[in-house]
Amino acid sequence: LEDHAFELGYVPDCDGDRGNVVVLDPQGVARPLEAQEVFALAVTAELSFLAASDVVSYDSSGTPSRRLAVVVNCCTSSRIELIAQRFGAQVFRSEVGEANVVGLAEHLRHAGWLVRILGEGSNGGNITHPSRVRDPLSTVLALVKLLRLEGVLEQWALRSGGALTAGCRSLDCILESLPRRFSTGQYESRAVLPIASRDHDRLKTVYERLFSERWDSFRRGLGQSLGAAGYGFVNYEGQRAFSGPGGRSAGGRGGFKVLLTDREGRDTAWIWMRGSRTEPVFRVMADVAASRRQENELLDYHRALLVEADRIAAGGSG
């Protein structure tokens, strides 16, 4: 991006199912967007496009004329819920896996929901209906709509709460106007943790017990800085999500999340894990509203607790 006539760059991977987007910051320095950032921009673009079209209208209270949904995997940042709420859309989550996301979206469409965009925010790829697979060109087209199609960016401006400043027409500027969340990157080394236990259900059961036993201490420490007043466990298997401890099918191989909530029951942060189907590792991440430092601290706490739970589960004690 040495030529400043260009606003963004795009580089697809070797099999063409996702693309890296590079933008210029206000100082003219090029930087690649994180996967969760790319997906958040694409969701903002497609929901804004619907609002600017004749497909969906809004009444005086801001309620859409159709039931709008966005479908994502279980480790997509909660930034998507914060964006979807501005458009009166509901977010549904499935287990990791493109087939799970696509299947859930199809189920919702048969039930009367309008699902324009879906995907796995953790890898940055989006699927725009009627497509059933990730195509990075869909991402590029979504960003072009946001930047160039008349009336689209204006729809986000109406819903940004003043965060989108007048004259803002760059992706970097638009990104700054989105609700803020800090997420562990899927491709970071700290997002992978070697695991000895082969019984994922037992490991997660031990983890649930340890987390619950130490909740009061956690809440008074790191939890307080995160604004956490309560917590809950959620398991994701295929297209389904189950709340509460346990609730897993045999093997417990799906995604698992600890959702931290404030005094009003709103999501303030979460930690997530899922065992690889091919390697003796768990994928882990944290997602917080507070700061990058607190995302690091929460992920460190999560990893340490998971190591302890793995030791107990693999050793057959506790």
Side-chain angles (χ1 to χ4, degrees), residues 17-18 36 38-59 61-139 141-142 145 152 155 159 232-244 247-257 259 267 270 272 274 277:
D17 65 355
R18 69 180 299 266
Q36 301 274 11
V38 173
F39 187 70
L41 284 168
V43 169
T44 302
E46 292 298 343
L47 291 178
S48 295
F49 173 75
L50 284 178
S53 70
D54 295 330
V55 177
V56 178
S57 59
Y58 288 81
D59 63 21
S61 67
T63 302
S65 57
R66 298 184 62 179
R67 290 191 297 168
L68 302 179
V70 178
V71 179
V72 299
N73 69 4
C74 52
C75 53
T76 296
S77 172
S78 287
R79 173 184 272 180
I80 298 306
E81 273 87 353
L82 298 174
I83 294 169
Q85 288 167 9
R86 310 284 181 91
F87 293 89
Q90 186 169 338
V91 175
F92 293 85
R93 291 176 177 264
S94 73
E95 186 186 351
V96 166
E98 192 169 291
N100 293 323
V101 177
V102 171
L104 179 54
E106 287 295 304
H107 172 77
L108 290 169
R109 289 191 188 101
H110 287 309
W113 291 82
L114 173 59
V115 188
R116 169 73 179 179
I117 186 169
L118 54 145
E120 299 189 276
S122 50
N123 62 37
N126 69 278
I127 303 169
T128 305
H129 186 64
S131 177
R132 297 174 59 87
V133 295
R134 283 182 294 172
D135 185 341
L137 288 180
S138 296
T139 301
L141 289 173
K145 290 174 190 173
V152 174
Q155 289 296 326
R159 295 165 171 80
F233 302 127
V234 187
N235 291 280
Y236 299 90
E237 295 183 0
Q239 298 176 25
R240 300 177 297 170
F242 307 91
S243 297
R248 290 175 289 274
S249 62
R253 296 257 171 191
F256 173 81
K257 180 183 289 182
L259 183 63
D267 165 12
W270 48 259
W272 171 88
R274 182 178 183 269
R277 304 295 175 99

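Note that these values count all heavy atoms, side chains included, but never hydrogens, waters or copies made by symmetry.
Among residues at least two apart or in separate chains, there is no ring pair (Phe, Tyr, Trp, His ring centres under 6.0 Å) pair with a member in residues 62-86. For the ring pair (Phe, Tyr, Trp, His ring centres under 6.0 Å) condition, no pair includes a residue of residues 64-91, sequence neighbours left out. Pairs passing the salt bridge (charged side-chain N to carboxylate O under 4.0 Å, His left out) check and including a residue from residues 115-131, sequence neighbours excluded, read Glu46-Arg116. Within the structure, salt bridge (charged side-chain N to carboxylate O under 4.0 Å, His left out) pairs that include any residue of residues 69-89 comprise Glu81-Arg93 (at least two apart or interchain).
Two rings, from Phe256 and Tyr236, have their centers 6.0 Å or more apart.
Contact check for Val101 versus Phe92: no side-chain heavy atoms found under the 4.5 Å cut-off. The shortest side-chain heavy-atom distance between Leu104 and Leu108 falls under the 4.5 Å cut-off. When side chains are defined from C-beta on, Leu47 does not count as touching Arg159, because their heavy atoms never get closer than 4.5 Å. Inter-residue side-chain proximity for Arg66 and Val55 is flagged as met; some heavy-atom pair is nearer than 4.5 Å.
Between the Gln90 side chain and the Val70 main chain, no donor and acceptor come within less than 3.5 Å of each other. Checking side-chain atoms of Ser94 against main-chain N and O of Gln239 turns up no donor-acceptor pair under 3.5 Å. The closest donor-acceptor contact from the side chain of Lys257 to the backbone of Cys74 lies under 3.5 Å.
Residues that satisfy the side chain to side chain donor-acceptor pair (under 3.5 Å) test with Ser48, not counting sequence neighbours, are absent from this structure. For Ser65, the side chain to side chain contact (heavy atoms under 4.5 Å, CB included) partners are Val56, Ser57, not counting sequence neighbours. Remark: Ser53 pairs with no residue by the side chain to side chain donor-acceptor pair (under 3.5 Å) rule, at least two apart or across chains. Among residues two or more places apart in sequence or in another chain, the side chain to side chain contact (heavy atoms under 4.5 Å, CB included) test is passed with Arg67 by Trp113. Partners of His107 under the side chain to side chain donor-acceptor pair (under 3.5 Å) rule, at least two apart in sequence or in another chain, do not exist in this structure. Take Ser61 and apply the side chain to side chain donor-acceptor pair (under 3.5 Å) test, not counting sequence neighbours, and it matches Asp59, Thr63. Looking at residues two or more places apart in sequence or on another chain, you find a side chain to side chain contact (heavy atoms under 4.5 Å, CB included) between Val133 and Glu98, Ser131. Checked against side chain to side chain contact (heavy atoms under 4.5 Å, CB included), Ala105 has the following partners two or more places apart in sequence or in another chain: Val71, Arg109, Val115, Leu118.
Checked for salt-bridge contact, Arg248 and Glu95 miss the test: no charged N lies under 4.0 Å from a carboxylate O.
Between Gln155 and Ala51 the shortest heavy-atom distance is OE1-CB, 3.4 Å. Counting all heavy atoms, side chain and backbone alike, Trp270 lies closest to Ser77 at CZ2-CA, 4.0 Å. In terms of heavy-atom proximity, Ala241 sits nearest to Val234 at CB-CG1, 4.3 Å. Closest approach of Ala40 and Ile80 over heavy atoms only: CA-CD1, 3.8 Å. Listed here is the closest heavy atom pair of Pro64 and Gly88: CG-O, 3.7 Å.
To the nearest 0.5 angstrom, Ser243 atom OG is 8.5 Å from Leu259 atom CG. Atom CG of Asn235 sits about 11.0 Å away from atom CZ of Arg240, to the nearest 0.5 Å.
Among the candidates Asn126, Thr139, Asn123, the single residue satisfying the side chain to side chain donor-acceptor pair (under 3.5 Å) test with Arg134 is Asn123.
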Mind running side-chain hydrogen bond (donor to acceptor under 3.5 Å, both in side chains) on Asp135 and Ser138 for me, showing each step along the way? CA-CA 5 Å; Asp135 185 341; Ser138 296; 4.8 Å; no

Is there a side-chain contact (heavy atoms from CB on, under 4.5 Å) between Val102 and Ile127? Walk through the geometry before answering. CA-CA 8 Å; Val102 171; Ile127 303 169; 3.8 Å; yes

Can Phe39 and Val72 be said to form a side-chain contact (heavy atoms from CB on, under 4.5 Å), step by step? CA-CA 10 Å; Phe39 187 70; Val72 299; 3.6 Å; yes

Does Ser122 form a side-chain contact (heavy atoms from CB on, under 4.5 Å) with Gln36? I'd like the steps, not just the answer. CA-CA 6 Å; Ser122 50; Gln36 301 274 11; 4.2 Å; yes

